[in-house]
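Structure first, then comments.
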Protein chains: 2
Amino acid sequence: MAKKELKEEMETSAKILRKKENIINAALIIFSQDGLNGARMESIAKEANISKSNIFYYFQNKEVLYIAVLEKVLSEWLSPLSEININQDPKKALQTYIEAKYEMSKKSPAASRLYALEIMQGAPHLMPVLKGPLKRLVREKVSVIDGWIAENKIKPVSAIHLIFHIWAVTQHYSDFSNQIEAVSSHTLRNKKFAKGALDTSIQLLVDSLIL
Amino acid sequence: MAKKELKEEMETSAKILRKKENIINAALIIFSQDGLNGARMESIAKEANISKSNIFYYFQNKEVLYIAVLEKVLSEWLSPLSEININQDPKKALQTYIEAKYEMSKKSPAASRLYALEIMQGAPHLMPVLKGPLKRLVREKVSVIDGWIAENKIKPVSAIHLIFHIWAVTQHYSDFSNQIEAVSSHTLRNKKFAKGALDTSIQLLVDSLIL
DNA sequence: GTCTATAAACAGATAGAC
DNA sequence: GTCTATCTGTTTATAGAC
């Protein structure tokens, strides 16, 4: 019966997705530590609690798996920027954006590291996204910020460099947490320390621009 | 004759150092792209224009070479912070520090990336330096900045987070140059763009603190 | 679908000629 | 000192039992 077959197919499909999801999550942890070349399929298998060959049942090869991990990470990684628009209050909009970036870095440090590794290695799998959708998105937000300046709502500042500064800081507290912890004995997991980091960013990157 | 032998030994030694230097420079390029595990000795050999086995004549194994590269990078990487002291004018001192960090990132992007990769992978070879000399250095500079605040020379700010913000930005323009170039079509090699980056950092991280 | 066993390719390191 | 050839251990990927 067609209806039953369809239901079974959906269940199977959902099951496959869950299995793939499990592998992708394990792969994210390993790839984010060692990069594409440095990561070992054996380590991913161990992390996922399955056999190495089982991974190859779901993913053709290492690179296909890597790209699947990147795609999962990317969508959520670039989304908060989209929220900013010209009708918002500048202080509130920028503050919300920075908070969202901090929140993501804290929630998904592995995703942050993987993104950083990919970019630092020349973004071989990501360059089209950077040059296409991300570039358009940034250009759009630059004109929003320029609009605020033109309306005398914030002090003059280079919009694109402001965006880069925000990216720099939020990425740094996540990716360099080892150094930060070694030097200061704190990480973003410490609430007071996290508040200090965020407050300093707001003070330097937002409040300093408010007239 | 003793004098002649000594001279020959020194020449040999200098020659060995030059050879080692050549290998280290090639290794820096490869390690900074792929990290310790991801890098291939074959790639380093090719970059150095010698055979793979020749590298092993000068360096016992891959890790010894990696540590030699790290040591070369590290000394110059952490030095500019030392210059800051309480008797300087705050604006000038911070500005000079930021300029020095930008200059280094521009001059040695590979060194910057290698340092970032090592930190992101848990700093297995660098942790003692971070927890020892770097931590002491930072603590010292925090008290310099706190001194400026106490003397009402700059606005109140979290000194350690200010330092982290400066590190974040200078590291970012170097390590994420691929993303920056993809998005903005410029790099720090473009003088006008580099000036825009530096000016924005000074505006946000220094001038905003001046009373 | 998942596993064990194994093939095939690769990479670090060594041996030995020159 | 530098190279080519090779050894040895790993690692990706496949074959085949269950």
Side-chain angles (χ1 to χ4, degrees), chain A residues 5 7-70 114 117 121 124-125, chain B residues 5 7-70 114 117 121 124-125:
Chain A
E5 276 165 22
K7 188 163 176 253
E8 272 174 359
E9 203 180 292
M10 282 174 64
E11 276 171 0
T12 310
S13 180
K15 201 169 181 180
I16 288 177
L17 285 180
R18 274 210 312 283
K19 296 272 184 178
K20 282 190 158 193
E21 187 79 7
N22 178 46
I23 295 169
I24 288 176
N25 288 336
L28 170 57
I29 292 170
I30 304 302
F31 280 135
S32 74
Q33 277 163 23
D34 300 331
L36 171 57
N37 289 329
R40 297 288 97 111
M41 295 301 273
E42 181 62 45
S43 313
I44 297 173
K46 211 173 175 181
E47 184 70 37
N49 280 310
I50 56 174
S51 72
K52 192 176 56 169
S53 61
N54 199 185
I55 297 178
F56 288 102
Y57 180 80
Y58 291 99
F59 297 92
Q60 213 172 13
N61 58 42
K62 196 187 186 182
E63 196 177 12
V64 166
L65 173 58
Y66 178 75
I67 290 172
V69 174
L70 261 192
L114 184 74
L117 284 175
Q121 285 168 17
H125 302 87
Chain B
E5 277 162 23
K7 187 162 176 253
E8 272 172 1
E9 203 180 292
M10 282 174 62
E11 278 171 359
T12 310
S13 179
K15 200 170 183 179
I16 288 177
L17 285 180
R18 272 209 315 281
K19 296 272 182 178
K20 282 190 156 191
E21 187 79 9
N22 178 46
I23 294 170
I24 287 176
N25 288 337
L28 170 57
I29 291 170
I30 303 302
F31 281 135
S32 73
Q33 278 162 24
D34 299 333
L36 172 56
N37 290 330
R40 299 287 97 112
M41 295 300 275
E42 182 61 46
S43 313
I44 297 173
K46 210 172 174 182
E47 183 69 38
N49 280 310
I50 56 174
S51 71
K52 190 174 60 166
S53 61
N54 199 7
I55 297 178
F56 289 101
Y57 180 81
Y58 291 99
F59 296 92
Q60 212 171 13
N61 57 42
K62 196 186 186 184
E63 197 177 12
V64 166
L65 173 57
Y66 178 75
I67 291 173
V69 175
L70 260 192
L114 183 74
L117 283 175
Q121 284 168 19
H125 303 86

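A, B, ... follow the sequence lines: proteins, then strands. Residue 1 opens every chain.
As a whole-Å value, the separation of I30(A) CD1 from dT11(D) C1' is 15 Å. Atom CG of N49(B) and atom C1' of dT2(D) are 14 Å apart (whole Å). Rounded to an integer number of Å, the gap from CD1 of I44(A) to P of dA13(D) is 11 Å. Taking atom CG on N22(A) and atom P on dG1(C), their separation rounds to 15 Å, with Å as the unit. In this structure, R18(B) places its CZ atom 11 Å from P of dT2(D), rounding to the nearest Å. Atoms CE (M41(A)) and P (dT6(C)) sit 21 Å apart, rounded to a whole Å. Here dT10(D) presents its P atom at 14 Å from CG of N37(B), a figure rounded to the nearest Å. The separation between K46(B) atom NZ and dT4(D) atom P is 14 Å, rounded to whole Å.
Inter-residue side-chain proximity for K19(B) and I50(B) is flagged as unmet; no heavy-atom pair is nearer than 4.5 Å. In this structure the side chain of F31(B) reaches within 4.5 angstrom of the side chain of I44(B), judged on heavy atoms. L117(B) is listed as a side-chain neighbour of L117(A), based on a closest heavy-atom distance under 4.5 Å.
Partners of N37(B) according to the side-chain hydrogen bond (donor to acceptor under 3.5 Å, both in side chains) rule, which considers only residues two or more places apart in sequence or in another chain, do not exist here. The side-chain contact (heavy atoms from CB on, under 4.5 Å) check on E42(B) picks up K52(B), with sequence neighbours excluded.
For the segment residues 50-64 of chain A, residues with any heavy atom less than 4.0 angstrom from an atom of DNA chain D are, sorted by number, K52(A), S53(A), F56(A), N61(A), K62(A).
Contact record, K62(A) with L36(A): NZ-O, 2.9 Å, taken as the closest heavy-atom pair.
Using a 4.0 Å heavy-atom criterion, one finds that A39(B) contacts the sugar-phosphate atoms exclusively.
Put simply, R40(A) has a side-chain N or O that comes within less than 4.0 Å of OP1 or OP2 on dT12(D).
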